[in-house]
Amino acid sequence: MELLSLTPQLFESMTFDIVTTLGLRNAVWRTPGSDAGRDIEGEYFISDLSGQYQTQKWYIECKRYTNSVSWPTVWEKIAYAQTHDADILLIVTTSSLSPQAVDQVNIWNRSNKKPIIRFWGATEVVSKLNIYPQIAKKYGLKSIVETRSDIFLPSIDLLMRITNSLDPDAERFSNKRISLIHSVSELISIRMLNIKDDDRFLFQHHKDEDYFDWCSDYKSYLARFDKYATRALLAYIYFTMSKYPELSQNSVSDLKIKLHRDLINAEENHIRIILDLSNFNATFESNTIVLSLTQEESNG
């Protein structure tokens, strides 16, 4: 798997998708390329024997390197994470740690100081991508999976849950339900065609006829976000909230979606399934979803 085919920004974005899929919550991807001490931060919740949850504060540093990551580089990130009371520092790289860095990290971890240092090299990253092949395909990488259909199992499961979630007599003709089923079905179908024809996802910009009627005021905001994934996401939000969200934008590569309430965990997980088939990722804030473009390829 050619991890070095990714730009540093795409490698960070892919890492963000992996760690959030693995359960990192309240995750924030810091300004791409800023190198302000950590690329990603978030919280991970673990349960003890009493059933109580403890919160770990994670800092994640991404290094798209051809050479090994040196100890001075690791130490700089340790110092920053320690100053900001992080519990875990995860170094994710396309290469490996230098022998000196491996020795020093082991010494550090044996000292029981915070943060605890964890490390993913290329082998670990590829292993995660083989477990979650939909993420690999999102970034144009080939994973080892038994069948191509494995990529779509989460999204197909989501579609089945949506279809079966409501009393058919109560909302048989609900426009928002029909719109959601159509949008998610369309997204899955298009991505299946992408894999069949090109063995990778192809993302498409919006055209005038692609927008929901209520999005007419936001056309310029949505233009660079894949039209199929955006429609599925907005249809899901409208379905769950029963109200149209408010959209705003600080830059052409970001989109802020203002919700009418906080998302519950199940809803956030459903949105992540849609994100895996998109050219953007998301951070979840209070009553808000912030989308950030990862790729801008267009084939129509």
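Both backbone and side-chain heavy atoms feed into the values below; hydrogens, waters and symmetry mates do not. The first residue in the sequence is number 1, and the count goes up from there.
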- [ ] Measure from the side-chain N and O atoms of S185 to the backbone N and O of S183, and report whether any donor-acceptor pair falls under 3.5 Å.
- [x] no
- [ ] Taking the side chain as every heavy atom from C-beta outward, state whether I18 and L129 have any atom pair closer than 4.5 Å.
- [x] yes
Task: Student check: side-chain heavy atoms of L90 and W120 closer than 4.5 Å - done: yes
TODO: Kindly indicate, with the supporting measurements, whether the criterion side chain to side chain contact (heavy atoms under 4.5 Å, CB included) is fulfilled by F239 and R177.
DONE: CA-CA 6 Å; F239 176 74; R177 183 188 187 196; 3.9 Å; yes
- [ ] For the pair K57 and E41, find out whether any cationic side-chain nitrogen is under 4.0 Å from an anionic carboxylate oxygen.
- [x] no
Open item on the list: Quick check on the hydrophobic clustering: are I156 and I195 connected, directly or via other members, by side-chain heavy-atom contacts under 4.5 Å?
Closed with: yes
Open item on the list: Could you measure the distance from the CZ atom of R64 to the OG1 atom of T93? Nearest 0.5 Å is fine.
Closed with: 10.0 Å
Open item on the list: Applying a strict under-4.5 Å side-chain criterion to I, L, V, M, F, W and Y, I'd like to know whether I46 and I60 cluster together.
Closed with: yes
TODO: Treat each ILVMFWY residue as a node, draw an edge where side-chain heavy atoms are under 4.5 Å apart, and state whether I131 and V92 are in one component.
DONE: yes
Task: Nearest-0.5 Å distance, OH of residue Y228 to OG of residue S278 - done: 14.5 Å
Task: Any donor-acceptor N/O pair, Q56 side chain to Y44 backbone, under 3.5 Å - done: no
Task: Backbone N/O of H260 and side chain of N287: donor-acceptor pair under 3.5 Å - done: no
Task: Trace of the side-chain hydrogen bond (donor to acceptor under 3.5 Å, both in side chains) decision for N279 with T294 - done: CA-CA 5 Å; N279 67 334; T294 57; 5.9 Å; no
- [ ] Give me the one residue out of V19, L24, I40 that meets side-chain contact (heavy atoms from CB on, under 4.5 Å) with W58.
- [x] L24
Open item on the list: Are M241 and R261 packed together at the side-chain level, in the sense that at least one heavy-atom pair is separated by less than 4.5 angstrom?
Closed with: yes
Open item on the list: Can you confirm whether S155 sits close enough to L187 that some side-chain heavy atom of one is under 4.5 Å from a side-chain heavy atom of the other?
Closed with: no
- [ ] Taking all non-hydrogen atoms of both residues into account, name the closest pair between S68 and S95 and its distance.
- [x] CA-OG, 3.8 Å
Task: S179 side-chain N/O to A235 backbone N/O, donor-acceptor pair under 3.5 Å - done: no
Open item on the list: Side chains of Y236 and H270 only: does a donor on one sit below 3.5 Å from an acceptor on the other?
Closed with: yes
Open item on the list: I need the T15 OG1 to L6 CG distance, nearest 0.5 Å.
Closed with: 9.0 Å
Task: Inter-residue atom distance D17.CG - L22.CG, 0.5 Å rounding - done: 11.0 Å
Task: Closest non-hydrogen atom pair, T288 against K258 - done: OG1-CD, 3.7 Å
Open item on the list: Tell me if the centroids of the rings in F225 and F280 come within less than 6.0 Å of each other.
Closed with: yes
- [ ] Tell me, with the steps shown, if Y53 and T55 meet side chain to side chain contact (heavy atoms under 4.5 Å, CB included).
- [x] CA-CA 7 Å; Y53 281 90; T55 303; over 6 Å; no
- [ ] Can you see which heavy atom on T20 is nearest to which on F16, and at what distance?
- [x] OG1-O, 2.8 Å
Task: Closest contact, heavy atoms only, Q82 versus W108 - done: NE2-CH2, 3.7 Å
Open item on the list: Nearest 0.5 Å, please: how far is CG in L247 from NZ in K256?
Closed with: 12.0 Å
Task: Side-chain heavy atoms of V105 within contact of I91, under 4.5 Å - done: no
- [ ] Report yes if the side chains of Q134 and P154 come closer than 4.5 Å at any heavy-atom pair, otherwise no.
- [x] yes
TODO: Can you see which heavy atom on A229 is nearest to which on I274, and at what distance?
DONE: O-CG2, 3.7 Å
Open item on the list: Looking at every heavy atom in both S13 and Y139, which two are closest together, and how far apart are they?
Closed with: OG-OH, 2.7 Å
- [ ] State, yes or no, whether a side-chain contact exists between L255 and V290 at a heavy-atom distance under 4.5 Å.
- [x] no
Task: Under 3.5 Å donor-acceptor, S127 side chain and T123 backbone - done: no
Task: same_hphob_cluster(L263, Y244) at 4.5 Å side-chain heavy-atom cutoff - done: yes
TODO: Salt-bridge test for E124 and K128: reply yes if a basic N is under 4.0 Å from a carboxylate O, no otherwise.
DONE: no
Open item on the list: Parallel, tilted or perpendicular: which one describes the rings of F152 and F201, with boundaries at 30° and 60°?
Closed with: tilted
Task: Ion pair R191/D226, N-O distance below 4.0 Å - done: yes
Open item on the list: Keeping Q249 on the side-chain end and S251 on the backbone end, is there a donor-acceptor pair under 3.5 Å?
Closed with: yes
TODO: Given side chain to side chain contact (heavy atoms under 4.5 Å, CB included), test T94 with V125 step by step and report yes or no.
DONE: CA-CA 8 Å; T94 53; V125 174; over 6 Å; no
Open item on the list: So that I can tick it off, tell me whether K138 and D276 are bridged by a salt bridge, with the cut-off set at under 4.0 angstrom between side-chain N and carboxylate O.
Closed with: no
Open item on the list: A side-chain contact here means heavy atoms from C-beta on lying under 4.5 Å apart; do I117 and I88 qualify?
Closed with: no
Open item on the list: With rounding to the nearest 0.5 angstrom, report the CH2 to CD distance, W75 to Q104.
Closed with: 9.5 Å
Task: Evaluation steps, side-chain hydrogen bond (donor to acceptor under 3.5 Å, both in side chains), between S292 and D254 - done: CA-CA 5 Å; S292 299; D254 294 313; 3.1 Å; yes
Task: Verify same cluster id: V28, I271 (apolar side-chain graph, 4.5 Å) - done: no
Open item on the list: Could you check whether D199 pairs with K137 (Lys NZ or Arg NE/NH1/NH2 to Asp/Glu carboxylate O, under 4.0 Å)?
Closed with: yes
Task: Under-4.0 Å salt bridge between E61 and K77 - done: yes
Open item on the list: Using the rule given for side chain to side chain contact (heavy atoms under 4.5 Å, CB included), can you reason through R118 versus I116, listing the C-alpha separation, both sets of side-chain angles and the distance that settles it, and then say yes or no?
Closed with: CA-CA 7 Å; R118 295 289 183 256; I116 298 169; 3.1 Å; yes
